[in-house]
Each structure stands twice: as C-alpha cells, then as structure tokens.
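Indexing begins at 1, ligand by ligand and atom by atom, following the structure's order.
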Amino acid sequence: MEKTYLMIKPDGVQRGLIGEITARFEKKGFRLVGAKLMQVSRETAEQHYGEHKERPFFGELVDFITSGPVFAMVWEGENVIATARQMMGSTNPKDAAPATIRGDYAVNVGKNVIHGSDSPESAVREIGIFFKEEELTDYNKSGSEWVY
Ligand code: IDP
C-alpha cells in the first residue's frame, strides 16, 4: 500500500489546526502509521527543501519551517500521495479550491499550513528524512474492510 509524508507546518500547529487536518485524512479512510510533534533543524529543513535551494524564497522557507514545531506524519492508503495533494489544494492558497485544506485554512503562499509529498520518490525520500524505521507502525485498522 502507498505511503506519503505529510507535515503540518508551524503556522498550522500554532493556529491549532492539528486536529482539524488529521481528522480529514482519518475520515477519508487513510491509515496513520507514524506521527510526531518535532522541531525541525536547519540542516533537516535544507535537506527536505533541497530542490528549492536556488529559489529566491529558500532562506525564508527554511526560516519558516524551523520557526516552531511541526506535526510530522506518515499516512498509508490507495493513491494516498495524489489524493492527499488534492485534499491539500494548490500551493498558493489564493488558487486553492474551497473544501481543500489550503482553500479553507490559508491565505498566503509562505504560510500554507501543510506539506505533502508530490511523488512516490519524494515520499520515500521525505519519510526517510523525518522518520526512523522503528517509528513507523504496521497494524490492521478496524473498519478497513469498509473502506476497501
Ligand atoms: P508544495 O508545498 O505545494 O509542494 P512547492 O512548489 O514544493 O509546493 O514549494 C514548497 C513550499 O515553498 C510551498 O509549500 C510554499 O510554502 C513555499 N513557496 C513556494 N513558492 C513560494 C513563493 O513564491 N514565495 C514564498 N514561499 C513559497
């Protein structure tokens, strides 16, 4: 089953949105396999956002993601990578449709509340950056027979 890395950014944590956001993925039918509230180091932030190193907003992005705790999660399910991206909405909240997370909870591109892996390769890479193997669980979620 596919896994993705989702992270509620410092703005989402400070605004008390952990419950609201995780509830959406739970209600959708996805399975939470790992989660932790953590402070991201500059080194980890630079590694995670490495593909944006040359972009003008890179420094701002690293400052922001290290400015307070994030809620790091791994979710599992059929097509979870693409579906989670749809549930998050467009990167810039001004383009994000209503009923998406960014559409409902964010206004500014720099403070867009959530990160989600954009491909299977990114998911593997990002899960490896934020979680040790032993921090991920493997369990049968009761009710999954009513999802699949
Ligand atoms: P994504 O988070 O939707 O995958 P990316 O293009 O990978 O979007 O960009 C990573 C993050 O960088 C975005 O979520 C956003 O917070 C930030 N970002 C993207 N473009 C800008 C910008 O033009 N100014 C400031 N921050 C930006």
Table please: side-chain donor-acceptor pairs of residues 75-82 below 3.5 Å, with sequence neighbours left out.
residue: E76; atom: OE1; partner: R31; partner atom: NE; Å: 3.1
residue: E76; atom: OE1; partner: R31; partner atom: NH2; Å: 2.3
residue: E76; atom: OE2; partner: K3; partner atom: NZ; Å: 3.1

Side chains of residues 51-61: which donor-acceptor pairs under 3.5 Å do they make with residues two or more places apart or in other chains?
residue: H52; atom: ND1; partner: R55; partner atom: NH1; Å: 3.1

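Closer than 4.0 angstrom to ligand 1 by heavy atom are K9, Y49, H52, F57, L61, R85, T91, R102, V109, N112, sorted by chain and number.
Under the 4.5 Å side-chain heavy-atom criterion for Ile, Leu, Val, Met, Phe, Trp and Tyr, I101 and L32 are members of the same hydrophobic cluster.
The side-chain hydrogen bond (donor to acceptor under 3.5 Å, both in side chains) test applied to R42 returns D63, not counting sequence neighbours.
Scanning all heavy atoms of the two residues, the minimum distance from K141 to E26 falls at NZ-O, 4.5 Å.
At most 12 heavy atoms of other shown residues, nucleotides or ligands fall within 6.0 angstrom of atom NZ in K28.
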